[in-house]
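Report on the structure given below.
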Amino acid sequence: GAVVSQHPSWVICKSGTSVKIECRSLDFQATTMFWYRQFPKQSLMLMATSNEGSKATYEQGVEKDKFLINHASLTLSTLTVTSAHPEDSSFYICSARVRQDEAFFGQGTRLTVV
Amino acid sequence: AQTVTQSQPEMSVQEAETVTLSCTYDTSESDYYLFWYKQPPSRQMILVIRQEAYKQQNATENRFSVNFQKAAKSFSLKISDSQLGDAAMYFCAWGPYGNKLVFGAGTILRVKS
């Protein structure tokens with residue numbers, strides 16, 4: 001199956017700093033990537049849709065200036081959490097709908113803001 | 001808006017027994033896929049089974065099978081011969097062709113030895 005590599009798997013940062021999370025498609029080209037956020041024992045909530053070569057589409061209630069998404073190539077999408085605060089601590093997962101019948105997920109990134 | 005509902009926050013099953021996880025969804029679209037994903041403690045999302053909406057035949061994958069009722073918008077997952085390794089969070093998801101997935105709240109499955 002297709003491989004989506006997400007990095008880092010966990011990160012701790014200080015409040016007020018920015019953190020970048022990378023999501024790479026290793027053996028396929030991903031024109032679209034989806035970024036989800038997951039709180040402990042809760043569901044995956046879509047934050048934004050990342051489109052190669054164009055601006056991301058954000059879900060209602062997601063601050064686009066706080067969660068910057070860049071999809072500069074067909075194999076790399078990045079999510080930058082800017083001026084992170086403790087409430088941004090969460091699990092972030094990227095996904096690509098490689099085929100109609102399956103979505104592949106990165107390993108996820110556990111972000112802790114202290 | 002499309003929604004996916006999993007009404008069982010937690011389920012328990014004895015090893016080797018059968019358990020059914022329920023899922024309902026709401027959509028006005030006619031072409032879509034339904035999925036069950038497993039999320040173990042590692043939090044890596046693992047595809048368990050999928051069903052294309054236009055196919056009437058229920059999907060099966062070894063010990064996993066679904067009961068897909070399109071008119072009722074119901075998509076339950078049956079796990080037969082439950083194993084300790086089946087313990088995880090299970091998410092039901094809906095997705096139109098090539099688009100984002102909408103997830104249910106999840107069901108924590110505990111397997112007792």
Residue part contacting chain A, namely of [X], when any heavy atom lies under 4.5 Å:
| X | result |
| --- | --- |
| B:Tyr37 | side chain |
| B:Gln6 | neither |
| B:Phe103 | both |
| B:Leu47 | side chain |

**Q.** Minimum heavy-atom distance B:Asp81-B:Thr18, with the two atoms named
**A.** N-OG1, 4.1 Å
Go through the atoms of [X] and report whether side chain, backbone, both or neither lie under 4.5 Å from a heavy atom of chain B.
| X | result |
| --- | --- |
| A:Gln6 | neither |
| A:Gln42 | backbone |
| A:Leu46 | side chain |

Q. Knowing that exactly one of A:Tyr36, A:Trp35, A:Phe104, A:Phe34 qualifies, which makes a side-chain contact (heavy atoms from CB on, under 4.5 Å) with A:Cys94?
A.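 It is A:Trp35; the other options fail the test.
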Q | For A:Thr78, the option from A:Ile69, A:Asn70, A:Ile21, A:Leu68 that meets side-chain contact (heavy atoms from CB on, under 4.5 Å) | A | A:Asn70
Q: May I ask whether B:Leu109 and B:Trp36 are part of the same hydrophobic cluster, defined by side-chain heavy atoms of I, L, V, M, F, W, Y residues being less than 4.5 angstrom apart, directly or through others?
A: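 Yes, one cluster joins them.
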(Q) If the threshold is 4.0 Å, N to carboxylate O, is there a salt bridge linking A:Glu22 and A:Arg24? (A) yes
(Q) Between B:Lys100 and A:Glu59 (salt bridge meaning N to carboxylate O under 4.0 Å), is one present in this structure? (A) yes
Q. Side chains of B:Arg43 and A:Phe91: closer than 4.5 Å at any heavy-atom pair?
A.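 In short, these two side chains touch, coming nearer than 4.5 Å.
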Q. Can you tell which of B:Arg50, B:Glu52, B:Gln44 has the highest number of heavy-atom pairs within less than 4.5 Å of chain A?
A. B:Arg50
Q | Options B:Ile46, B:Asn99, B:Val4, ranked by heavy-atom pairs under 4.5 Å with chain A, top entry | A |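 Of B:Ile46, B:Asn99, B:Val4, B:Asn99 has the most heavy-atom pairs under 4.5 Å with chain A.
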Q: Using a cut-off of under 4.5 Å on heavy-atom pairs, state which of A:Gly108, A:Gly106, A:Ala103, A:Ser43 scores highest against chain B.
A: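 Top option by heavy-atom pairs under 4.5 Å: A:Ser43.
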